[in-house]
Amino acid sequence: MKNFLLIVACLFSFQLYAFDTWWHTECTRKAATANGFSGDARLAMQVSNYFTDYLSVGNDKLKEYTEGKLEVEIEECYTYMHFDAIFTNQDIEQNWQVLFDNTAKSLRKHAGASIAKPGFRLIVFFNILGASLHTVQDFYSHSNWVNLHTKMNVSPIPVWYDVTTEERNKLALATGAYPDGSVKGKLNHADLNKDFSLRPLNKEAVETAERASIDWIKRLMEAVPEVPWSELKAYNIQNNQTMKRFLVSLDATFLTTTSIVAGHFDGPKPAKFVFDREKNLPKERAQAAAALGLTLNQYDLNIRMTGNEFNLPSPYWAGFMGYHIVRELALGLSHNRKLYLKTMKNK
């Protein structure tokens, strides 16, 4: 638990690099609802989408922040899941294809042989869907796709698959350099991102990402019919108080509270408040911190439970901490002119 808390502390020390949590959760909600998934399935995808951000913390700054004293490994694969630091049409095209192929392959893998334990099988599917959606959504915030189509007065802005490869190649596509200033002559993440409501083109990026998220899930359902989609869509834990407590009381609270305390819910002046109806930001953050403390105490108890094979804070972390789905999704993705090539076998 000590290392887990250190990671939480680091989360609050610097900004993450993705659509802020409110917008990711909205895009994911609309994707799930439009494709016929239940409310419980939708929430499982939303927390999975967020864990992709949370578990990215520290790849660039964690060692510096802790003076090398943190023993937990923050896996490099998460760095590749935010669709940034990619500077050519060819590399962006490749990332889209690799992400889709990897996602379909991972879904197919878990639909086949009994890799995940029965209690984790459906959760792993939700983890895969939520994590891959995170990357899809970030493209519209971190690239100049929305900027270019806005300048061309195209409305509505098309999603990636609406445009032919030939037409895409006519665009000078790029995503922002991350960390800022790391690549000379390139626009930075700070220049291009539309991560929260105060940023230019946030509304347009979110609206496009919502449609892209709906389209992404639909394409995966068509591409991998062997996944038990009907079972996933009907997912219902309302009569299972244990699982409901894990997902609703703990994981959803963790998503909200960590984002608020870190200033990652909707930027420095959020349009959406969760705890304080008067929209008093210091009070909102104080109440979020109090709720987070209670959640972390329960996570601590969960991690220490006998029989918790993967030391999970909650079963809904299983795909990330037990079955390493992000290694599968990130394999071959590009970031800062490098490909992620680390696999389970050479871990």
Side-chain angles (χ1 to χ4, degrees), residues 15-31 34 49 52-53 80-100 132-180 183 185-219 264-272 333-336:
Q15 196 73 27
L16 295 177
Y17 49 107
F19 262 135
D20 276 8
T21 303
W22 171 245
W23 304 114
H24 270 303
T25 57
E26 274 297 281
C27 291
T28 304
R29 178 181 69 81
K30 292 191 176 182
N49 188 298
T52 311
D53 243 358
Y80 293 78
M81 294 295 290
H82 302 283
F83 228 124
D84 51 17
I86 311 168
F87 308 111
T88 69
N89 283 51
Q90 181 180 355
D91 288 343
I92 290 173
E93 288 275 352
Q94 181 176 338
N95 255 41
W96 272 104
Q97 189 61 56
V98 167
L99 180 66
F100 187 84
S132 65
L133 277 172
H134 188 102
T135 310
V136 168
Q137 293 157 4
D138 272 357
F139 171 75
Y140 298 95
S141 181
H142 297 172
S143 76
N144 62 352
W145 179 270
V146 170
N147 307 64
L148 293 173
H149 285 92
T150 299
K151 288 181 180 179
M152 293 187 292
N153 293 316
V154 177
S155 182
I157 295 171
V159 304
W160 179 260
Y161 292 106
D162 287 341
V163 182
T164 65
T165 303
E166 181 181 4
E167 290 300 314
R168 291 196 297 260
N169 285 336
K170 296 177 183 178
L171 302 172
L173 295 175
T175 66
Y178 190 91
D180 290 339
V183 182
K186 301 296 183 182
L187 287 173
N188 291 321
H189 173 83
D191 301 315
L192 277 179
N193 86 81
K194 306 152 190 74
D195 286 347
F196 50 89
S197 57
L198 293 180
R199 291 290 299 163
L201 298 178
N202 167 264
K203 181 180 178 181
E204 292 82 357
V206 170
E207 192 276 332
T208 310
E210 287 173 349
R211 288 185 285 108
S213 298
I214 294 169
D215 178 71
W216 182 257
I217 297 296
K218 181 180 179 181
R219 288 177 182 274
H264 186 57
F265 194 68
D266 181 32
K269 295 182 179 179
K272 172 75 173 178
L333 292 182
S334 176
H335 179 86
N336 264 341

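All figures in this text were calculated on a predicted structure; none of them were measured in a lab. Just the heavy atoms: all of them, side chains too, but no hydrogens, waters or symmetry mates, feed the values below.
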When you measure from the side chain of [X] to the backbone N and O of [Y], does any donor-acceptor pair fall under 3.5 Å?
{"X": "N144", "Y": "A172", "result": "yes"}
{"X": "N169", "Y": "E166", "result": "no"}
{"X": "D180", "Y": "A190", "result": "yes"}
{"X": "H142", "Y": "H82", "result": "yes"}
{"X": "H189", "Y": "G176", "result": "no"}

>> Between E207 and R211 (salt bridge meaning N to carboxylate O under 4.0 Å), is one present in this structure?
In response: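 Yes.
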
Apply salt bridge (charged side-chain N to carboxylate O under 4.0 Å, His left out) to [X] and list each qualifying residue two or more places apart in sequence or on a separate chain.
{"X": "E167", "value": "K170"}
{"X": "K186", "value": "none"}
{"X": "D215", "value": "R219"}
{"X": "R29", "value": "E26"}

Straight-line distance of [X] [atom1] to [Y] [atom2], nearest 0.5 Å:
{"X": "T208", "Y": "I157", "atom1": "OG1", "atom2": "CD1", "result": "4.0 Å"}
{"X": "D91", "Y": "L173", "atom1": "CG", "atom2": "CG", "result": "11.5 Å"}
{"X": "M152", "Y": "N147", "atom1": "CE", "atom2": "CG", "result": "10.5 Å"}

> For the residue pair W216 and F100, is the inter-centroid distance of their aromatic rings smaller than 6.0 Å?
Replying inline: yes

> Hey, are H264 and D20 close enough side-chain-wise for a donor-acceptor pair under 3.5 Å?
Replying inline: yes

> Side chains of D195 and S141: do they bring a donor and an acceptor to under 3.5 Å?
Replying inline: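 Side chains of D195 and S141: pair found under 3.5 Å.
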
For a 4.5 angstrom cut-off between non-hydrogen side-chain atoms, does [X] reach [Y]?
{"X": "V136", "Y": "W96", "answer": "yes"}
{"X": "Q137", "Y": "S213", "answer": "yes"}
{"X": "D138", "Y": "H134", "answer": "yes"}
{"X": "F139", "Y": "L99", "answer": "no"}
{"X": "L133", "Y": "I217", "answer": "yes"}

For residues 265-272, which side-chain donor-acceptor pairs fall under 3.5 Å, sequence neighbours excluded?
residue: D266; atom: OD1; partner: W23; partner atom: NE1; Å: 2.9
residue: D266; atom: OD1; partner: S197; partner atom: N; Å: 2.9
residue: D266; atom: OD1; partner: S197; partner atom: OG; Å: 3.3
residue: D266; atom: OD2; partner: S197; partner atom: OG; Å: 2.8
residue: D266; atom: OD2; partner: A271; partner atom: N; Å: 2.9

For [X], what residues pass the side chain to side chain contact (heavy atoms under 4.5 Å, CB included) criterion, not counting sequence neighbours?
{"X": "T25", "value": "T21, W22, Q46, L255"}
{"X": "N95", "value": "F83, I86, L333, S334"}
{"X": "N336", "value": "A85, F87, P179, S182, V183"}

Check side chain to side chain donor-acceptor pair (under 3.5 Å) between [X] and all other residues, then give those that pass, not counting sequence neighbours.
{"X": "E204", "value": "none"}
{"X": "E93", "value": "R168"}
{"X": "S155", "value": "none"}
{"X": "T150", "value": "none"}

>> Please determine whether side chain to side chain contact (heavy atoms under 4.5 Å, CB included) holds for the pair F19 and D53, giving the CA-CA distance in whole Å, both sets of side-chain angles, and the decisive distance to 0.1 Å.
In response: CA-CA 9 Å; F19 262 135; D53 243 358; over 6 Å; no

Where [X] and [Y] come nearest, the two heavy atoms and their spacing:
{"X": "Y140", "Y": "A212", "result": "CE1-CB, 3.3 Å"}
{"X": "Y178", "Y": "H335", "result": "O-NE2, 3.7 Å"}
{"X": "T175", "Y": "S143", "result": "CG2-CB, 3.7 Å"}
{"X": "R199", "Y": "K194", "result": "CB-CA, 3.8 Å"}

>> Using the rule given for side chain to side chain contact (heavy atoms under 4.5 Å, CB included), can you reason through V98 versus Y80, listing the C-alpha separation, both sets of side-chain angles and the distance that settles it, and then say yes or no?
In response: CA-CA 12 Å; V98 167; Y80 293 78; over 6 Å; no

